[in-house]
Amino acid sequence: MKKFKRYLVTSALPYANGPLHIGHLAGVYVPSDIYTRYLRMKGEDVISVCGSDEHGVPITLKARKEGVSPQEIVDRYHEINKKAFSDFGIAFDIYSRTSNKIHYETASEFFLNLYEKGEFTEKNSEQYYDEEAGCFLADRYIMGTCPHCGNENAYGDQCEKCGTSLSPSDLINPHSTISGSKPVLRETLHWYLPLDKYEPWLRKWILEEHREWKTNVYGQCKSWLDQGLQPRAVSRDLDWGVPVPVKNAKGKVLYVWFDAPIGYISATKELTPNWEKYWKDKDTRMIHFIGKDNIVFHCIIFPSMLNAEGTYILPDNVPANEFLNLEGEKISTSRNWAVWLHEYLEDFPGKQDVLRYSLCASAPETKDNDFTWKEFQARNNNELVAILGNFVNRTLVLTNNYYEGKVPSRGVTDKYDESVLKEIGKIRVNVETSIESFRFREALKEAMNLARLGNKYLADTEPWKVVKTDPERVKTIMNIALQITANLTIILEPFLPFSMEKLRGWLNTGKKQWSDAGQTDILLTGHMVNKPELLFDKIEDEAIDRQVAKLMASKKANEAASVITVPSKDPVSFDDFSKIDIRTATILEAEKVPRTTKLLKLKIDTGIDVRTIVSGIAEYYEPQAIIGKQISIVANLEPRKIKGIESKGMILMAEDKDGKLVLVSPSDKVSNGSMIK
RNA sequence: UGCGGGGUGGAGCAGUGGUAGCUCGUUGGGCUCAUAACCCAAAGGUCGGAGGUUCGAAUCCUCCCUCCGCUACCA
């Protein structure tokens, strides 16, 4: 493998329209932080850059909704997120933002450079335009009736009721959400990055030269490349963003995914005047830490931009993670299904490392993973407390009891002692190998093995027993136990920086280099250590129950808030109403329609006849349970074949806010066929 | 119905051709320095099923079963 002189670590710029949650941390920032801390301890020349991504339509939408400016929105979340990172010890060298002047300059220059080289293609296209508000409309700004389900509040890109993805021209009765007026199509000019042109180069660069990338990343790229790349617009009609720096570009800004990765460059510029060393020297190794939603931008688009520009280096690896679920469900900002970083610290003050540990141990490295509070508790109690904290405590308590805190000398060592000491070095190498291959779960497990080793050593040598017969031997044992403890402060430092700082305090030592790991005389004879406190404490069931209850509460609140009362429909005449034959009937038989999830085949007595109706209620009613039940039906609906079965009529049901269907029945028994009017 | 991802000891997972492994749990034992923590040992799996390729398959191929997500079926 190529030897690099320095490292440039980038972490996905969080979007400044909301606070950070555990998914962000687990997927991107904990791994990136571990990696960076490790490199720094090795004495490598490394910088880690990040910042807020502050442009794009969602931010303008949110601003409009709250009646404030986009700048106010991004200011708010920039501060919150910057603080969250610093609170959790995510040690970027700089946390910048894309609304900075330096970023505007950098992004403009970058665009202009490609523009002047003729890398872009220009194309006119038709976009929806709001004549009243005088602006073009992003898909999200257009609402109308969904052609599939009839929902009158479908967005131009997606109907949230039936989930179908749409384009604005699909909508019936489209209207602008800004002015309410009917949008018209209007021609607009945009600049495109011809990704199709770069395809051969990308194929070679990724598929041949970077086979070592993680399988999820490589596979994703391959599938994109195999599908064929299309030119992508790099500009938008919007007033929030970096203006397109050419003539005839009034009201146009750089599209957010074009300007965001350039944010890495501007952040580096802001950090150091030597920024070019990190971006333009082939001896720099650039690593992008991202989530899987970002793979295409960091593996295809941004590299294409950099390559087209020509003077920049390309990422050497893009260790993207998958997604973290929470208690079995997808994390969702809008549904408040998340553990927010700032709230976590209110509930668990000082327990940054516990979350870092737990998120790293179950990070979604190869596939989506689930975070549960129960597992979080188990990781803390069974691993951090029982294995790590306990070993440290045993060692320091014994040292204080026997030697008043003075490190005893190591006398004659036996074979077992030697093998334990040697094991420390092996563990260090294992941790290194794992971190350098971006396998952080494995690295952490291996690092914890050092604490396991310590516990085993004490159990095997039993100093509390031997002390009565052979005090000289105990000095050797405790010296070795202390050396293991000292090594822990090095090997676990990238993972648990807060706790290791504490531990160093008790050991009365300073920060060490990574190369010190494996050494067996870190604490010299006679060195004084302090009295320890508990490195971690147990998390009781109540604390966990409270968190789960909190989630359940937000789930409930959500449901309540999501009740959409459908406005009343247009009036109909009584004549029209009377055309519908609604009457009572009794269910005689019910069975599931095979190979469907929702359909029941019902035989019902309508008073006038016995007929078959197919109804989509199987998810809410067991066939057996509804036989004999009296219900209401539309008797004169034209028959329709559903799944090959002729359905004559329709069962009336009330649909609850969560989509649950409930049969509508007469409150007292009436004869079948009674008219409902 | 289509697409995608899974099915490995009680639970959660690792393991892409060569004697089936980890964490937790269970049971028994040891220890009592330590936050009832630690250490050792044992039990427990025909790696969803059937065929095939191979000297050899959890691992490759074919078919099937099953679970999950999206999709379809709800008039």
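In what follows, chains are A, B, ... by sequence order, proteins preceding strands, each numbered from 1. Just so it is clear, the structure is predicted and the values come from calculations on it, not from any experiment.
A donor-acceptor pair shorter than 3.5 Å can be found between the side chains of R452(A) and N449(A). Using a 3.5 Å distance cut-off with no hydrogens or angles, the side chains of T584(A) and N672(A) do not pair a donor with an acceptor.
The gap from the C1' atom of U23(B) to that of G15(B) amounts to 15 Å, rounded to the nearest Å. When the P atom is used for both G48(B) and C55(B), the distance is 25 Å, rounded to whole Å. For the P atom pair drawn from U8(B) and C68(B), the interatomic distance equals 14 Å after rounding to whole Å. Annotation: G9(B) and G44(B) have their P atoms spaced 14 Å apart (nearest Å). A72(B) and A20(B): their P atoms are spaced 46 Å apart (whole Å). To the nearest whole angstrom, the two P atoms, one in G18(B) and one in C61(B), are 16 Å apart. Rounded to a whole angstrom, the distance from the P atom of G29(B) to that of G21(B) is 27 Å. Straight-line distance between the C1' atoms of C47(B) and U35(B): roughly 39 Å, to the nearest whole Å.
Annotation: side-chain contact (heavy atoms from CB on, under 4.5 Å) contacts of K502(A) (sequence neighbours excluded): W506(A), L535(A). Applying the side-chain contact (heavy atoms from CB on, under 4.5 Å) test to T476(A) and every residue at least two apart in sequence or in another chain returns R410(A), T413(A), D417(A), R473(A), I480(A). When the salt bridge (charged side-chain N to carboxylate O under 4.0 Å, His left out) test is applied to D470(A), no partner is found at least two apart in sequence or on another chain. Remark: R394(A) pairs with no residue by the salt bridge (charged side-chain N to carboxylate O under 4.0 Å, His left out) rule, at least two apart or across chains.
For S615(A), taking side-chain heavy atoms from C-beta onward, the closest of the listed nucleotides U32(B), U35(B), A75(B) is A75(B). Closest to the side chain of R394(A), from the set C33(B), U35(B), A75(B), is C33(B). Here C31(B) is the nucleotide among C33(B), C31(B), C40(B) with the atom lying nearest to any side-chain atom of E462(A). Residue A459(A) places its side chain closer to C39(B) than to any other of U35(B), C39(B), C33(B).
Remark: RNA chain B forms stems of 3 or more consecutive Watson-Crick or G-U wobble pairs, all pair distances under 3.5 Å, at B:2-7 with B:65-70, B:10-13 with B:21-24, B:26-30 with B:38-42, B:48-52 with B:60-64.
Every pair passing ring-ring contact (aromatic ring centres under 6.0 Å, His included) that includes a residue from residues 440-468 of chain A is listed here, sequence neighbours excluded: Y416(A)-Y457(A). Contacts classified as side chain to side chain donor-acceptor pair (under 3.5 Å) and involving residues 380-391 of chain A (residues at least two apart or in different chains) are given here: Y357(A)-E383(A), R379(A)-E383(A). Sorted by first and then second residue, the pairs that involve residues 528-539 of chain A and meet side chain to side chain donor-acceptor pair (under 3.5 Å), not counting sequence neighbours, are K351(A)-D537(A).
Within 4.0 Å of V614(A), counting heavy atoms only, lie sugar-phosphate atoms of the nucleic acid but no base atom. Using a 4.0 Å heavy-atom criterion, one finds that K538(A) contacts the bases of the nucleic acid, with or without backbone contacts as well. Heavy atoms of L535(A) sit under 4.0 angstrom from at least one base atom. V385(A) comes within 4.0 angstrom of a base, heavy atoms only. Backbone-only contact: L637(A) has heavy atoms under 4.0 Å from sugar-phosphate atoms and none from a base. At the heavy-atom level, A386(A) lies under 4.0 Å from the strands shown only through sugar-phosphate atoms. Among the atoms of the strands shown, base atoms are found under 4.0 Å from some heavy atom of N390(A).
Rounded to an integer number of Å, the gap from D370(A) CG to A11(B) C1' is 14 Å. Put simply, CZ on F391(A) is 15 Å from P on U35(B), counting in whole angstrom units. Atom CZ in F536(A) sits about 17 Å away from atom P in A37(B), given to the nearest Å. Distance CE (M650(A)) to P (C74(B)): 11 Å, rounded to an integer number of Å. Summarising the geometry, the separation between CG on L453(A) and P on C40(B) is reported as 11 Å, rounded to the nearest angstrom. The distance between atom NZ of K351(A) and atom P of U35(B), rounded to the nearest whole Å, is 16 Å. Summarising the geometry, the separation between NZ on K531(A) and C1' on C33(B) is reported as 15 Å, rounded to the nearest angstrom. The distance from atom OH of Y403(A) to atom P of C33(B) is 15 Å, rounded to the nearest whole Å.
Within residues 417-427 of chain A, no residue approaches RNA chain B, by heavy-atom distance under 4.0 Å.
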Pair D353(A), S499(A) - check side-chain hydrogen bond (donor to acceptor under 3.5 Å, both in side chains), show working. CA-CA 7 Å; D353(A) 278 350; S499(A) 310; 2.6 Å; yes
With the criterion being N/O to N/O and under 3.5 Å, what pairs connect the protein with nucleotides 12-16 of chain B, and how long is each?
unit_1 : atom_1 : unit_2  : atom_2 : d
A14(B) : OP1    : K367(A) : NZ     : 3.4
A14(B) : OP2    : K367(A) : NZ     : 2.9

Within the sub-3.5 Å range, which N or O atoms of nucleotides 22-28 of chain B have a protein N or O partner, and how far apart are they?
unit_1 : atom_1 : unit_2  : atom_2 : d
C22(B) : O2'    : K445(A) : NZ     : 3.1

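Within the 3.5 Å criterion, the main-chain N or O of S665(A) finds no donor-acceptor partner in the side chain of Q630(A). The closest donor-acceptor contact from the side chain of R356(A) to the backbone of F495(A) lies under 3.5 Å. Between the side chain of N321(A) and the backbone N or O of V28(A), no donor-acceptor pair lies under 3.5 Å.
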Indicate every side-chain donor-acceptor pair of residues 631-639 of chain A with a distance under 3.5 Å to a residue at least two apart or in another chain.
unit_1  : atom_1 : unit_2  : atom_2 : d
S632(A) : OG     : V664(A) : O      : 2.6
N636(A) : OD1    : D581(A) : N      : 2.9
N636(A) : ND2    : K579(A) : O      : 2.7

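For E418(A) and K422(A), the salt-bridge test fails: no basic side-chain N is under 4.0 Å from an acidic carboxylate O. Look at R504(A) and E501(A) and you find no salt bridge, because none of the NZ, NE, NH1 or NH2 atoms lies under 4.0 Å from a carboxylate O.
Looking at which nucleotide of RNA chain B each of K465(A) and D460(A) is closest to, the 5′-most match is held by K465(A).
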